[in-house]
Q: 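Pasting a structure below so you can have a look.
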Amino acid sequence: MMGSMMNPNLEVRDLKNRLARYRQIKLSVIGRKSGKTISIPGWFVLEGEKLYLLPVQGSDTQWYKNALQNPSIRIEARNAEAEFRAIPIIDAKTVKSVIEKFREKYGAGDVKKYYSKFDVAVVIELANA
């Protein structure tokens, strides 16, 4: 794969530039039963070196369950991609602050329309890639 030959810091910088411009990313996790890579589109909030993800069905979301078992997560935004470690957020107060960030970015109406359970979130530290 081409990505593995590139400088990882360059990959992350390239990805961050795209994240600043786009509203949706593709996230890929390893299936906990199949062992295969599963990719889905997702919303995100970028704040400094932190990328926040909010699973649409909270702790029942399949990609979230997969990430708990194998925290390696690949984030792609328009052909820029890099691999990170998914860090689950289960503290209610922190989850609430992530939900607020999503409401600010995407609008409370759309967050309410697409998300059904608000018990967990995920943070990715871009600086530690």
Side-chain angles (χ1 to χ4, degrees):
M1 235 174 104
M2 270 216 27
S4 58
M5 288 186 278
M6 285 177 70
N7 172 342
N9 292 338
L10 199 64
E11 277 184 4
V12 174
R13 220 175 32 237
D14 202 21
L15 179 65
K16 277 176 72 177
N17 288 340
R18 284 179 167 83
L19 289 173
R21 297 197 305 265
Y22 299 122
R23 285 174 57 85
Q24 189 169 293
I25 52 173
K26 185 168 94 178
L27 40 119
S28 302
V29 293
I30 306 299
R32 59 195 185 287
K33 295 189 182 95
S34 69
K36 292 189 172 92
T37 300
I38 299 160
S39 300
I40 58 146
W43 283 356
F44 67 94
V45 170
L46 180 64
E47 206 171 70
E49 294 295 323
K50 292 180 192 289
L51 178 80
Y52 293 99
L53 302 170
L54 195 60
V56 288
Q57 295 157 329
S59 56
D60 297 332
T61 305
Q62 291 305 314
W63 73 257
Y64 177 79
K65 290 179 178 181
N66 290 332
L68 284 181
Q69 194 163 317
N70 182 346
S72 175
I73 187 167
R74 184 163 275 282
I75 302 294
E76 184 187 331
R78 302 277 167 102
N79 301 325
E81 57 181 293
E83 203 158 298
F84 302 98
R85 184 177 170 80
I87 304 161
I89 300 171
I90 52 174
D91 170 64
K93 204 161 151 189
T94 313
V95 170
K96 200 173 167 141
S97 85
V98 173
I99 295 162
E100 285 309 312
K101 294 177 203 312
F102 270 72
R103 285 181 179 140
E104 277 171 37
K105 180 173 179 179
Y106 295 101
D110 275 352
V111 170
K112 192 176 175 182
K113 185 159 68 174
Y114 295 113
Y115 292 80
S116 59
K117 191 174 179 183
F118 298 96
D119 60 340
V120 295
V122 169
V123 63
I124 292 167
E125 304 273 355
L126 300 179
N128 299 340

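Note that these values count all heavy atoms, side chains included, but never hydrogens, waters or copies made by symmetry. Note that the numbering runs from 1 along the sequence shown for the chain.
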Q: What closest approach, in Å, do E83 and S72 show between heavy atoms, and which atom pair accounts for it?
A: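 In terms of heavy atoms, the two residues are closest at OE2-OG, 2.8 Å.
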
Q: Give every donor-acceptor pair under 3.5 Å between a side-chain atom in residues 106-115 and any protein atom, sequence neighbours left out.
A:
unit_1, atom_1, unit_2, atom_2, d
Y106, OH, R23, O, 2.6
Y106, OH, F44, N, 3.1
Y106, OH, F44, O, 3.0

Q: Verify the cluster assignment for I99 and I89: are they in a single hydrophobic cluster under the rule of side-chain heavy atoms below 4.5 Å apart?
A: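 Yes, one cluster joins them.
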
Q: Report yes if some heavy atom in the side chain of V95 is under 4.5 Å from a heavy atom in the side chain of I90; otherwise report no.
A: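 In short, these two side chains do not touch, never coming nearer than 4.5 Å.
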
Q: Once rounded to the nearest 0.5 Å, what's the spacing between atom CD1 of I40 and atom CD1 of I25?
A: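 Those atoms lie 9.0 Å apart.
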
Q: If you look at every heavy atom in E125 and I87, which pair is closest and at what distance?
A: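 Closest approach of E125 to I87, heavy atoms only: CG-CD1, 3.8 Å.
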
Q: When you compare the side chain of L15 with that of E11, does any pair of heavy atoms fall below 4.5 Å?
A: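 Counting from C-beta outward, E11 and L15 never come under 4.5 Å.
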
Q: E104: which residues meet the salt bridge (Lys or Arg N to Asp or Glu O under 4.0 Å) condition with it, sequence neighbours left out?
A: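 Per chain and number, E104 pairs via salt bridge (Lys or Arg N to Asp or Glu O under 4.0 Å) with no residue.
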
Q: Compare every heavy atom of G42 with every heavy atom of L27, then report the nearest pair and how far apart it is.
A: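 Heavy-atom minimum between the residues: CD2-CA, 4.3 Å.
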
Q: Indicate if F118 and V120 have the same hydrophobic cluster label, given that clusters are the connected sets of ILVMFWY residues with side-chain heavy-atom separations under 4.5 angstrom.
A: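 Same cluster: F118 reaches V120 through Ile, Leu, Val, Met, Phe, Trp or Tyr contacts under 4.5 Å.
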
Q: Ignoring hydrogens, what is the shortest heavy-atom contact between R85 and I124? Give both atom names and the distance.
A: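 Taking R85 first and I124 second, the nearest heavy atoms are O-CG1, 3.9 Å.
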
Q: Quick one: salt bridge (Lys or Arg N to Asp or Glu O under 4.0 Å) partners of K96, sequence neighbours excluded?
A: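 Listed in chain order: nothing, the list is empty.
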
Q: So how far is it from E47 CD to K105 NZ, rounded to the nearest 0.5 Å?
A: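 Spacing of CD (E47) from NZ (K105) equals 11.0 Å.
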
Q: Counting only heavy atoms not in R32, do more than 12 fall under 6.0 Å of its CZ?
A: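 Yes - once you tally the heavy atoms of other residues, nucleotides and ligands closer than 6.0 Å, there are more than 12.
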
Q: Could you tell me which non-hydrogen atom of L19 sits nearest to which non-hydrogen atom of L51, and how far apart they are?
A: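 Heavy-atom minimum between the residues: CD1-CD1, 4.0 Å.
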
Q: Would you tabulate the side-chain donor-acceptor contacts of residues 53-61 under 3.5 Å, counting partners in other chains and residues two or more places apart, or write 'none'?
A:
unit_1, atom_1, unit_2, atom_2, d
S59, OG, K117, NZ, 3.4
S59, OG, D119, OD2, 2.5
D60, OD1, K117, NZ, 3.4
D60, OD2, K117, NZ, 3.1
T61, OG1, Q57, N, 2.8
T61, OG1, G58, N, 3.2
T61, OG1, G58, O, 2.8

Q: If hydrophobic clusters are built from ILVMFWY residues whose side chains come within less than 4.5 Å, do F84 and Y22 share one?
A: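 No, it is not one cluster - the side chains of F84 and Y22 are not joined through contacts under 4.5 Å.
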
Q: Sequence neighbours left out, what passes salt bridge (Lys or Arg N to Asp or Glu O under 4.0 Å) with R103? Give chain and number order.
A: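 Partners of R103 under the salt bridge (Lys or Arg N to Asp or Glu O under 4.0 Å) test: E100.
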
Q: Would you please name every residue forming a salt bridge (Lys or Arg N to Asp or Glu O under 4.0 Å) with R78, sequence neighbours left out?
A: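 Once residues adjacent in sequence are excluded, R78 has no partner under the salt bridge (Lys or Arg N to Asp or Glu O under 4.0 Å) criterion.
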
Q: Between L46 and L126, is the side-chain contact (heavy atoms from CB on, under 4.5 Å) condition met? List the steps.
A: CA-CA 10 Å; L46 180 64; L126 300 179; 3.4 Å; yes

Q: Got a salt bridge between E49 and K16, using NZ or NE/NH1/NH2 to carboxylate O under 4.0 Å?
A: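 Yes.
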
Q: What is the minimum heavy-atom distance between A121 and V98, and which atoms define it?
A: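 Taking A121 first and V98 second, the nearest heavy atoms are CB-CG1, 3.9 Å.
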
Q: Begin from the C-alpha positions of S28 and E76 and carry the test side chain to side chain donor-acceptor pair (under 3.5 Å) through to its verdict.
A: CA-CA 8 Å; S28 302; E76 184 187 331; 5.8 Å; no

Q: Do I30 and L68 belong together in a cluster built from hydrophobic side chains that touch within less than 4.5 Å?
A: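 Result: no, two separate clusters.
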
